[in-house]
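Each ligand, and each atom within it, is numbered from 1 in the order the structure gives.
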Amino acid sequence: MCPAGLKLLAMLTLVLIVMVWYSISREDRYIELFYFPSPEKKEPCFQGEAERKASKLFGNYSRDQPIFLQLKDYFWVKTPSAYELPYGTKGSEDLLLRVLAITSYSIPESIQSLKCRRCVVVGNGHRLRNSSLGDAINKYDVVIRLNNAPVAGYEGDVGSKTTMRLFYPESAHFNPKVENNPDTLLVLVAFKAMDFHWIETILSDKKRVRKGFWKQPPLIWDVNPRQVRILNPFFMEIAADKLLNLPMQQPRKIKQKPTTGLLAITLALHLCDLVHIAGFGYPDAHNRKQTIHYYEQITLKSMAGSGHNVSQEALAIKRMLEIGAVKNLTFF
Ligand SMILES: CC(=O)N[C@H]1[C@H]([C@H](O)[C@H](O)CO)O[C@](OP(=O)(O)OC[C@H]2O[C@@H](n3ccc(N)nc3=O)[C@H](O)[C@@H]2O)(C(=O)O)C[C@@H]1O
Ligand SMILES: CO[C@@H]1[C@H](O)[C@@H](O)[C@H](O[C@H]2[C@H](O)[C@@H](NC(C)=O)[C@H](OCc3ccccc3)O[C@@H]2CO)O[C@@H]1CO
């Protein structure tokens, strides 16, 4: 072969090597960010793995914090809190005391006794639509759902098992019996003192108050008080502080806060040994027509004034995916 031919061959080989290297490196990234579960097999689970990985994000924060608030911490001793709601209980202690007296705080024995807890957090995103992930989702030990996201009619895509559902008064489903299982834990995330007041009036059948909510919450809510739990605001604090770098005390007007989904992932990293997520991810800001939920036709416009920074949250979730703290069943 002539020298020019050899040179061309060398060039082509080099280009080929670079292309192979690039596609391998992209493939690694692909595996990090997307994950396809096998509906037949249970995931291998390693005790303490989520905690180990999460410590890279959160630092060595205390694992002693209870998941749910307990009466003993407010009745016998008055546990002090540095912050007001939603990051602490400062100023809401009396209301909280009454709520804790009529609710429970235990984690079900079926979860408590597991050596390794496999959890999935199901976000409300449109990406779940036609995903056929229902069977895979039902196989996790703990399925965490959010707000009023329905299950009935969407079982093929989102499953039907709900171990716990995080909600606040304005996001409570008006028909909780239809969208949950009889033993689902209904976990109240309190953002303001009125949220404690609402649950108290509902569970003790006291006079309902209509004012003080940004959207009318249910006035009748047919649930067993033994299913209700109050989430420890500590998780909101670390989601805001460690994942989003939000200041804990903000002027009244700004009030930025994590979404319930990011809060649920934070909680799962504390409660579980393996954390998978599905249905997370918003459309680009300029994509005005794309619906955001798997169950209704609303767009990003509906979120104006919500106080969420969805691009900052996307970066936080990407970081979690990159370090392997969570895996994603849908695309991100
Ligand atoms: C109009 C409005 O205030 N919408 C908020 C709604 C609304 O209050 C409830 O749905 C009740 O109707 O609640 C929120 O969230 P929402 O109930 O929409 O969704 C629950 C969580 O899923 C994740 N999500 C959702 C849609 C999407 N395209 N990508 C996602 O990643 C998010 O992590 C989200 O938290 C909320 O509580 O966070 C946040 C939304 O901003
Ligand atoms: C996790 O946050 C929840 C939801 O995602 C947010 O959209 C919602 O934001 C509301 C915000 O909490 C309200 N602020 C207060 C202090 O209540 C804000 O209020 C403005 C308002 C007041 C009266 C009537 C209409 C609007 O409204 C925001 C929603 O537009 O907070 C949720 C947790 O409560």
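The contact shell of ligand 1, taken as protein residues with any non-hydrogen atom closer than 4.0 angstrom, comprises G123, N124, G125, L146, N147, N148, Y168, S171, W214, K215, T259, T260, G261, L262, G279, F280, G281, Y282, I292, H293, S302, M303, S306, H308.
The pair K318-E322 fails the salt-bridge criterion, with no side-chain N (NZ, NE, NH1 or NH2) lying under 4.0 Å from an Asp/Glu carboxylate O. A salt bridge links R98 to E200: at least one charged side-chain nitrogen sits closer than 4.0 Å to a carboxylate oxygen.
Ranked by closest heavy atom to atom 31 (O) of ligand 2, the top entry among H308, M303, K257, E170 is K257. Nearest to atom 7 (O) of ligand 2 by heavy atom, out of S306, G307, G212, is S306.
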Please determine whether ring-ring contact (aromatic ring centres under 6.0 Å, His included) holds for the pair W214 and F191, giving the CA-CA distance in whole Å, both sets of side-chain angles, and the decisive distance to 0.1 Å.
CA-CA 11 Å; W214 55 270; F191 286 87; 9.2 Å; no
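The six-membered or imidazole ring of F332 lies away from that of F280, with a centre-to-centre distance of 6.0 Å or more.
Looking at S92, its side chain never comes within 3.5 Å of a backbone N or O of L95 through a donor-acceptor pair. T103 contributes a side-chain N or O that, together with a main-chain N or O of V99, makes up a donor-acceptor pair within less than 3.5 Å. A donor-acceptor pair is defined here as one N or O able to donate and one able to accept, closer than 3.5 Å; no such pair exists between the side chain of N181 and the backbone of D183.
Summary of contacts: the protein heavy atom closest to atom 28 (C) of ligand 2 is G305 O, 3.7 Å. Closest to atom 13 (C) of ligand 2, if we only count protein heavy atoms, is W214 CD1, 3.8 Å.
Taking the six-membered ring where tryptophan is involved, the planes of H293 and Y295 are essentially parallel, since the angle between them stays under 30° and well short of 60°.
T259 does not count as a contact of ligand 2, since none of its heavy atoms falls under 4.0 Å from the ligand.
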